[in-house]
Amino acid sequence: MRKFVKRTAGWIHATLIMAMVMPLLYAFGAKQPDDIGQNLFYKCLVIILPVVATDLIIKKCEGLLSYLILSVLVFAATAAAGWVAAGSLHQSFILWIYLFVLLCETIFVIISRMSERLRRNEEQEVSKDTDPTWRPSLDSLRTPSFAVLIFFVAAYAVAVNLNNPAVCNAALFCAIVYTVITFLYLHVCETENYLALNKRTCNIPSKRIYGIGNGMLAIFMLLFIVVMLPALFTISNRHYRDLRESTAFINIDYTELIEENERQADTPMPPEAWMEQFGAPEPPPEWLDTLFYIMEAIVAILLAAALIKIIYDTFRAFRAAADENGDIVEELAETNEGVKIKRLRISRRKLSERERIRKEYRKFIRRYRKERPARYESPTEIERNAGISESEECKKIHNQYELARYRQEG
């Protein structure tokens with residue numbers, strides 16, 4: 001369930017950001033609010049198709065060729081879905097701008113998924129031996145963050161100052177949904193981190209941890225709803241203005257333009273007059289043309305060789321980046337050198353009675369206490385810190401340990 005929540009939050013994160021690009025561009029170009037702007041944001045939500053599809057196929061494809069073939073199919077499916085979702089845009093030039101932006105975003109998603117998979121393996125190979133605290137870089141298409149809310153706030157401010165209520169509503173909707181999914185994503189991530197720490201420390205039940213975390217998440221969500229309600233109730237009371245209309249009162253002085261045209265009246269001598277006066281230029285020698293052709297051929301061959309090498313290295317690195325389960329694949333070099341294993345002599349000496357009791361006491365304490373006791377702790381303090389000082393079994397083995405500890409040998 002935690003993996004599903006994190007993956008879904010990443011899908012919504014990427015979808016909302018890219019779906020807001022086209023309405024924001026439309027706000028700059030639209031003079032007056034119209035019916036096209038009302039539903040443009042919902043049409044842009046088609047970008048969720050390549051976001052989800054590429055995330056699923058990048059984990060299943062072992063080779064670059066299979067990923068590229070499936071990416072072409074995703075690209076075609078996105079174009080068809082965008083054409084169907086356009087609807088009322090078919091009678092406007094906005095359709096071609098909408099399809100262009102949608103397909104550019106699709107290409108961006110495809111390339112980002114591929115480069116993220118290649119970069120993950122390279123970073124791990126470089127950093128795992130040099131920096132013990134190294135962590136993989138965050139993927140921009142999978143990691144929601146509260147810092148992205150600045151983008152939606154900026155889009156809202158731009159739409160208010162360009163007299164576009166539809167874009168304002170879309171930006172407000174995106175900010176609300178994005179805040180909710182960011183809360184959920186961070187809640188799951190921090191809970192997983194605490195569970196990992198809990199396994200090495202105090203072993204608190206996971207149900208109790210989830211109960212505390214869910215309670216805090218509910219409090220934060222309640223506070224967010226209280227803050228959000230005034231913004232929803234005051235949608236109809238926004239004060240819009242169009243900053244582009246402020247340039248309508250600028251007076252232009254045309255006398256400077258007239259004087260500039262008069263100065264340009266004296267045109268320079270045309271090329272025909274130069275040819276009549278000095279004659280036609282001589283053609284370049286043949287050896288110079290041949291040299292240029294040879295240089296162009298060499299550059300073309302080098303570019304083709306570089307392209308082939310890049311494609312070949314990419315095919316190899318793409319398969320080595322991750323296998324079907326997402327695990328790192330290591331290439332082990334074959335060597336003929338044998339590994340010599342030195343056998344250690346294990347002492348088979350029979351333990352004395354005192355040593356046997358001390359060994360049993362240490363094993364008994366280790367069952368109930370994970371951390372190692374301090375040197376200054378007495379047996380009574382050790383048992384009390386382990387929480388077993390009142391048990392009958394502890395009292396029995398404590399007496400045996402005290403007798404074995406203080407009595408003389410023989």
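Heads up: numbering here begins at 1 and tracks the sequence.
- Taking the side chain as every heavy atom from C-beta outward, D55 and I58 approach each other to under 4.5 Å.
- Nearest approach of N164 to A27, heavy atoms of both residues: ND2-CA, 3.6 Å.
- Looking only at side-chain heavy atoms (C-beta outward), L70 and C61 come within less than 4.5 Å of each other.
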Under the salt bridge (charged side-chain N to carboxylate O under 4.0 Å, His left out) rule, what do E355 and K359 come out as? Steps first, then yes or no, please. CA-CA 6 Å; E355 291 173 343; K359 184 177 181 181; over 6 Å; no
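- Nearest heavy atoms, L45 versus A19: CD2-CB, 3.7 Å.
- With respect to the salt-bridge test (charged N to carboxylate O, under 4.0 angstrom), the residues R356 and E360 qualify.
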Review item, side-chain donor-acceptor pairs of residues 213-224, under 3.5 Å, at least two apart:
| unit_1 | atom_1 | unit_2 | atom_2 | d |
| --- | --- | --- | --- | --- |
| N214 | OD1 | H187 | NE2 | 3.0 |
| N214 | ND2 | Y210 | O | 3.0 |

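- Residue Y178 comes nearest to P144 through the heavy atom pair OH-CA, 3.4 Å, listed as atom of the first residue, atom of the second, then distance.
- In this structure a side-chain-to-backbone donor-acceptor pair under 3.5 Å is present from R113 to V51.
- The shortest side-chain heavy-atom distance between V46 and Y98 falls under the 4.5 Å cut-off.
- Within the 4.5 Å cutoff, the side chain of I97 has heavy atoms near those of the M22 side chain.
- Heavy-atom neighbours of F146 CZ from other residues, nucleotides or ligands within 6.0 Å: above the threshold of 12.
- Annotation: I150, atom CD1; neighbour count of heavy atoms from other residues, nucleotides and ligands within 6.0 Å does not exceed 12.
- Shown here are the ring pair (Phe, Tyr, Trp, His ring centres under 6.0 Å) partners of Y368, two or more places apart in sequence or in another chain: F364.
- One distance of note links CE of M20 with CG of L25; it measures 10.0 Å at 0.5 Å rounding.
- Counting only distance, with no hydrogens or angles, the side chain of N161 and the backbone of A157 share a donor-acceptor pair below 3.5 Å.
- Note that the NE2 atom of H13 and the CD1 atom of I181 stand 7.5 Å from one another [nearest 0.5 Å].
- In this structure, L102 CG and I47 CD1 are separated by 5.0 Å, a value rounded to the nearest 0.5 Å.
- To the nearest 0.5 Å, atom SG of residue C44 and atom CG of residue L40 are 4.5 Å apart.
- Under a 3.5 Å cut-off, the side chain of S391 and the backbone N or O of I388 do form a donor-acceptor pair.
- Here the closest heavy-atom approach between residue V109 and residue M18 is recorded as CG2-CE, 3.5 Å.
- A ring-centre distance under 6.0 Å is not found for F173 and Y42.
- The pair K6-E190 fails the salt-bridge criterion, with no side-chain N (NZ, NE, NH1 or NH2) lying under 4.0 Å from an Asp/Glu carboxylate O.
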E392/K396 under side-chain contact (heavy atoms from CB on, under 4.5 Å): CA gap, chis, key distance, verdict: CA-CA 6 Å; E392 295 296 332; K396 180 179 178 181; over 6 Å; no
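- Under the 4.5 Å side-chain criterion, counting only non-hydrogen atoms from C-beta, C104 is not in contact with F108.
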In sequence, state the C-alpha distance, the side-chain angles, and the governing distance for M114 and T54, and then conclude on side-chain contact (heavy atoms from CB on, under 4.5 Å). CA-CA 9 Å; M114 181 178 64; T54 53; over 6 Å; no
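- Here the shortest heavy-atom pairing between I17 and V21 reads O-CG2, 3.6 Å.
- Side-chain atoms of T143 and Y185, non-hydrogen and from C-beta on, do get closer than 4.5 Å to each other.
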Show your reasoning for whether side-chain contact (heavy atoms from CB on, under 4.5 Å) applies to L291 and M295. CA-CA 6 Å; L291 179 62; M295 293 176 62; 4.2 Å; yes
Stepwise, does the side-chain contact (heavy atoms from CB on, under 4.5 Å) test hold for Y67 with I57? CA-CA 7 Å; Y67 175 72; I57 65 177; 3.9 Å; yes
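- Note that CD1 of I176 and CG of L172 are 4.0 Å apart. Values are rounded to the nearest 0.5 Å.
- Between V188 and K3, every side-chain heavy-atom pair lies at or beyond the 4.5 Å cut-off.
- Interatomic distance, I382 CD1 to I365 CD1, rounded to the nearest 0.5 Å: 6.5 Å.
- Put simply, the residue from Q400, E383, H398 that forms a side-chain hydrogen bond (donor to acceptor under 3.5 Å, both in side chains) with Y361 is E383.
- Taking all atoms of both residues into account, the shortest heavy-atom contact from G82 to L99 is C-CD2, 3.9 Å.
- Contact of the F41 side chain with the C174 side chain is registered, since non-hydrogen atoms from C-beta on lie closer than 4.5 Å.
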